[in-house]
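The sequence lines fix the lettering, A, B, ..., with proteins before strands; numbering per chain opens at 1.
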Amino acid sequence: MITLTHYLVLSGILFSIGLAGVMRRTNLLMLFFSTEILLNAVNVGFVAVSKYYGDLTGQMFAFFIIAVAASEAAVGLGLLILWYKRNGSVDLTSLQMMKG
Amino acid sequence: MEKYVYIALFAPLLSSLFVALFATRPKILFMGILASLLIGASMISSFILLFYVNAHGALHVKMMDWISAGNLEIPFGFVVDQVSVIMMVTVTFVSTIIHVYSIGYMDHDKSFNRFFSYLSAFVFSMLILVMSDNFVGLFIGWEGVGLCSWLLIGFWYHKPSAAWAANEAFIMNRIADLGMLMGLFLIYWQIGSFQYDIVFASIKFLDISIVTTIGIFLFIGAMGKSAQFPLHTWLADAMEGPTPVSALIHAATMVTAGVYLVIRCGDIYSLIPHIGFAIASLGAFVAVFAASMALVNNDLKRIIAYSTLSQLGYMFVAAGLGAYWIALFHLMTHAFFKSLLFLGAGNVMHAMHDELNIKKMGGLYGSMKATAILMSVASVALAGIYPFAGFFSKDMILEVAFNEGAYFLWFALFIGAGMTAFYSFRLVMLVFFGEKEHTKYGIHPHEAQPFVIYALMPLGLLAVIAGFFEHAFRGFVTKLLTNYDIQIAHGTEVLLIAATLGIAISGISFAIYMYSRGGFSKTLENRFCYKLLINQYFIPKLYELYIMKPFGAISNFLWQKIDVKIIDFSVDMVAKILYTSGEKSRKMQSGNLSDMLRWMVVGIVILLAVAIFYRPIV
Amino acid sequence: MELKDFQNRNIAPGYIFFEGEKKPQNGWESFKRVVKRSIKGELFVGLWIVFREMIRFDIHTIQYPAEKIEMSPRYRAIHKLLRLFESGNERCIGCGLCEKICISNCIRMDTHVDEKSRKVVSEYTINFGRCIFCGYCAEVCPELAIVHGSDYENASEQRAHFGLKEDMLTPLDEFKAKNQKEFPGFGALSDNADDLVKKTPLAY
Amino acid sequence: MNETALVIETIIKAVIVLSVTAGMGAFATWIERKVLAFMQRRLGPMHVGPYGVLQLAADGIKLFTKEDIIPQNVVRPIFMIAPVIAATTAFVAMAAIPFFPEFTVFGYTIHPIVSDINVALLYVMGVASVGVYGPLLAGMSSSNKWSLLGAARAVVQMLSFEVVSGLSVMAPIMMIGSLSLIDINDYQSGGVISWLIWKQPLAFVLFAIAGFMETNRSPFDTIEFEAEIVSGYATEYSGMRWGLFFVGEYANMITISVLVSIIFMGGYNPIWFIPGAIVMLLKVSFWIFLFLWVRAAWPHVRPDQLMWVCWKVLMPLAVINVLITGIVLV
Amino acid sequence: MYEVIAFYIFSALTIGLFTVVVMSKNALYAMSALAGGMIFISGFFFILGAEFLGVVQITVYSGAIMALYAFGMMFFDTTRDVKENIRCKKIAYTLSILSSILLIVILCAPLFSQNIEALYPSIQNAGNIQMIGLVLFTKYLVPFELAAIMLLAAMIAGIVLASKKMEMNLEIDEEFEEAKDVK
């Protein structure tokens, strides 16, 4: 029988994969991909909790996370396009203005 | 009637703030006139209040709630009762005259406007002090006058001596204020309120030792403000300020705040007569002690300052022995003739081009008759010759001392009265009569402007006639203060008065006699007692030697060893550690998002580890 | 001639100009245009037309390998070399005009003088990879020797097919069977050519 | 055991649906060629089999036996999988569509729907939106500019028209109150009068247009328009992989036809004496015919015109329709 | 049983696909793997009875967001290999593995007490959509509206950002860059 723990562990593993991607990738588009993985991992956890506690709040949260992800994609891509037009690259190494 | 209270209180503030706007500008005569007019308005209001209080009794005004925190509730309230209205009248009256006088005196000063701003601010603070219906307001006024005093003593701040004197006065007052604050805290701790009426109503139910402690602490505050014995040195040094300041602050008003405090807290001190007696003893000591220093001093203003000290001693004797109305009466009369004396001295100084040494004066009567007459009148009043004002008040204090059976105190005051008469006339003789020493220094004295003289006239008049208001005053004031009756047999009383008058007159005659003949011989100056007196009993030296120097040494040690080597070092160490760690960890801020994300994940890992391994101790 | 007339000099006098509808200037106008067109049902007219054609079932398809279209006589397909009706000899006299006029330069001929001292074509090829079937060769030929045929199915495995003299020349057996027809197409004699010929006496 | 039975039943249904629609899709290619030919006064395929019916078999044989060319610079796995995605999404969408009324065989009631989920309509549209990945991945993996352009157009087109289709279908959903296609069908069981097409004509038109759009059929076949971008995303494809795209397109057509029939045209409810299954078949046939008909009749639209119409005409209309429906309902 | 099978299959697939997303050098692989992963995640939602969310996941994530990213990839010319100079991979992997282990330890620990009560208990005899509708338009109405406004704002922002001076190349002047470097 699949229990909540199964789903949460899956969610944790997916989250770690996302973290690895976030740390490893230097292309900003790939970073966005990794971020989506993170969000999805969390969504799985939320929905599982929602199901196993018979409470819709988790689903609601997942719902809003999807909305946030959509906004993030729209704005983020717009910014990336601006940056690409300006710099001809979407690599992180071109984004080091905040160097301390 | 409330509006007169507000006019009396806020006209000086308005004057101060308005004039302060032009403080850095060159002299504007209008500012002086305006300030005088506003203070005059305040004085008129005070007089109206005086008549109102006389007719209807005390007036309580609550302007607004000021502090309301927890149990602490302090309103911005004012009380105009018999005591405070007397103080108000005295303060505003003297202030008005001094404002007018200052227009003439500060004529050539480049900081003319600033002076009036300070002076008005002082009046405002003083009024707050006397009008407040609670100890906190009193303390604010207390500190306000301290601040204004500091500003005014150091008015010519470019002079190092003035700056030094200002700081000295300020610091001494702070020491005393600590005592005052302790007293206030004790009151609040024990009673839970700062309102006078509540405090005085419930003070009776306190343990007598607590009341004693409160009394001592409050008196320490009064000692500082009124320059009583151990803390007296600042007053003489405060003469560095402009003469109107000396007249107003250091003779007529601020220094009497201590006396006012003791009078105000009469309900407290009447519970602890032994403390009152100690106060009286200290007052008597100071009366003689200061008078003795005045005997030999050659500085015009310092003589008067010591005289002030001495007279404050008298007031404390009266207040300490419970004769509050007498103390207040002496306070008032003293304000008149002492400010007159100071202002006359100011005229002399002007005439002598700021020369203060009385040995270098003499024979000024010829060139400044009006001043000479006024100062002579004031001196006579100070010496306590009938029918001048000083006679009535001072003589009564002597009688009080006698009445209380404190013959020793009486004797000391008696001696003091003789000394007072002597040094007053020594001053008058040396300045106005005798050889014209000043011609040696090429000074051509001239009389002050007429309006200055006219401004002094009321003071002179009051110095003469104020004593005749004794009964009216007594009737007025004792509605609030405990009455004090002198129960000495009439014969004894006459005898005492005769003795006092006698010693005063003999002091005067001795002075006139000696100085009309050219003074004492120089050999006297090598005597030990002369040296002791001219050096003010070496007290400043002692202070310097036993307090300032060790304190300086300790401070130096703390600065050099502890502050620099330990505190500064540790602070610097923190900075250095932060700086080097910042320098090292600057690499973390590579601007690379990848690195930042890695650090973020490191944080996540740490937090997760904490979540696993940390067990809160329940 | 005014300037306007000059500018429209290629336009006949009765020409009707069609301005078209005004272009929409902003979004709202284009929106209105879309709505208007939709309501007008222009689109449904198109639908109706194709549907009408479908139900009318008027099929115009020729099922080609089975059915073939009759080529018009003037159809210009693979060339033919004709023979003289009288003798059966080749009509070509080897003048070389066709070779000269060919604009795609695809005709090659070789001639020699035979024992009868007559010029005879020994080789004649047309490169059909290059020929554009313009018909100049047929037009220029003075003897009507080279003409266009109607043979359009010229798919082959070899490039050289159809282009040799042997392929184009009417075979003798065909000729004998009287299958050679006079070419009615481009450059051919008109039907009433005989009438147009001015008779001149040949006796001299 | 019940669960297992359900799984087995579902698998059988899925296989049937897959094979039937695939067959129908193939048949539809023949129909299309015939219909287009007739409309253009042609005969269409005639030679293979009677009236060329076996042409589709011939095509199938050709496609299966043709060489599967994979160009050198393509991203191989993606290139290979893209047609599969295109076809799969087309078929997967059918999982939630009821084709016929339920019927009884050997006392066993059969629902001719693979899986009756209560979000059927949303599901279908979601899967249809995933359908963009076929062209998208094909185009992006092909390393060909025409393909890339085709992919870009596919993305733009699909994303835009999903909005229109979603908004237009919103109004009927609001009226019915359910996303299940069976409920939608049952809502219109009262004869022709109860068809939603009469209540929601605007939504019907918009949804039909969006349907044309999502199937990439003419006049909205911008993503594989020969005159502009050769063959769009499918330029580099040959053989059965290309055939899969083709099958997917026809399966999509069928899906959309069924959807429109169910949502707006009364579904499989019987009319008069005609049983529901026949009615449904007729409707679907009509819709597929309409697809062909329109292709024969109407000209092609430029991509920018397409976007313009989508965002500035259709979407506002859809929103207004939803608003009006909401106001009327409330 | 089928739930178990489905769960494990989907888990394996999502983990595998997401790993491909993270590891692959080829952007196209990453993109398609991510899209696939999203769809399988929606599979989890279907298993968990959240059909609406599953469909939303497919429609929004796979249909819209990933398509947007694909568009971005076309724009950035990264349909092929991504050129990345990846530094210190080991740190990244160590950290992520560590965090995953910690997460799993936390999640497997018996932290979930039984006395958690549902705030919005599922209503009997109501489908997932009805329930979501009820909750969404009562308790979560304000967040819902806010999300709508956020989406609108994001849409406008995206359009404005991406379409601004589309015809212009925004690359910074070389001279300006040099001047900045000198500074």
Side-chain angles (χ1 to χ4, degrees), chain C residues 15-72 74-75 77 150-157 161, chain D residues 31-48 50-52 55 164 201-202 204-206 208-209 212 217-220 286-302 304-321:
Chain C
Y15 202 91
I16 300 165
F17 286 98
F18 177 64
E19 297 285 345
E21 57 186 282
K22 251 170 67 184
K23 262 194 152 183
Q25 296 298 312
N26 51 34
W28 175 239
E29 282 179 10
S30 8
F31 182 82
K32 277 196 293 191
R33 189 173 74 171
V34 166
V35 173
K36 208 165 77 188
R37 284 182 180 178
S38 317
I39 291 168
K40 243 165 112 186
E42 285 169 337
L43 291 168
F44 296 99
V45 175
L47 277 181
W48 164 244
I49 287 170
V50 290
F51 190 68
R52 189 188 63 199
E53 290 305 319
M54 187 178 132
I55 50 176
R56 205 187 262 170
F57 208 67
D58 180 16
I59 302 296
H60 290 243
T61 304
I62 293 161
Q63 290 180 294
Y64 160 65
E67 303 170 30
K68 283 186 181 172
I69 312 176
E70 185 96 358
M71 284 301 148
S72 100
R74 298 172 76 105
Y75 191 73
S150 59
D151 192 4
Y152 53 86
E153 292 165 313
N154 51 357
S156 168
E157 291 156 2
H161 280 183
Chain D
I31 296 281
E32 171 162 27
R33 293 163 79 163
K34 273 304 202 191
V35 167
L36 284 181
F38 292 156
M39 284 176 172
Q40 293 157 359
R41 296 183 183 163
R42 292 188 287 114
L43 276 173
M46 283 297 281
H47 286 280
V48 191
Y51 297 101
Q55 185 66 45
V164 176
L202 187 57
F204 167 72
V205 171
L206 294 174
I209 292 173
F212 275 88
R217 293 290 300 186
S218 174
F220 301 134
F286 168 73
W287 269 97
I288 289 179
F289 175 71
L290 189 68
F291 275 110
L292 311 180
W293 190 8
V294 165
R295 182 174 176 187
W298 288 353
H300 164 81
V301 175
R302 276 202 323 262
D304 62 320
Q305 291 170 331
L306 184 62
M307 287 296 104
W308 189 88
V309 166
C310 170
W311 287 106
K312 293 193 178 170
V313 180
L314 300 183
M315 199 191 76
L317 285 178
V319 172
I320 291 167
N321 190 36

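At a 4.5 Å heavy-atom cutoff, the contact between F57(C) and chain D is made by side-chain atoms alone. Neither the backbone nor the side chain of V205(D) has a heavy atom closer than 4.5 Å to any heavy atom of chain C. Residue W293(D) touches chain C through both its backbone and its side chain, counting heavy-atom pairs closer than 4.5 Å.
A donor-acceptor contact shorter than 3.5 Å links the side chain of Q25(C) to the backbone of K23(C).
Using a 4.5 Å heavy-atom cutoff, the side chains of L292(D) and R217(D) are in contact. Using a 4.5 Å cut-off on side-chain heavy atoms (C-beta onward), M39(D) and E53(C) make no contact.
Ring pair F212(D)/F220(D) is perpendicular by interplanar angle, where above 60° counts as perpendicular and below 30° as parallel.
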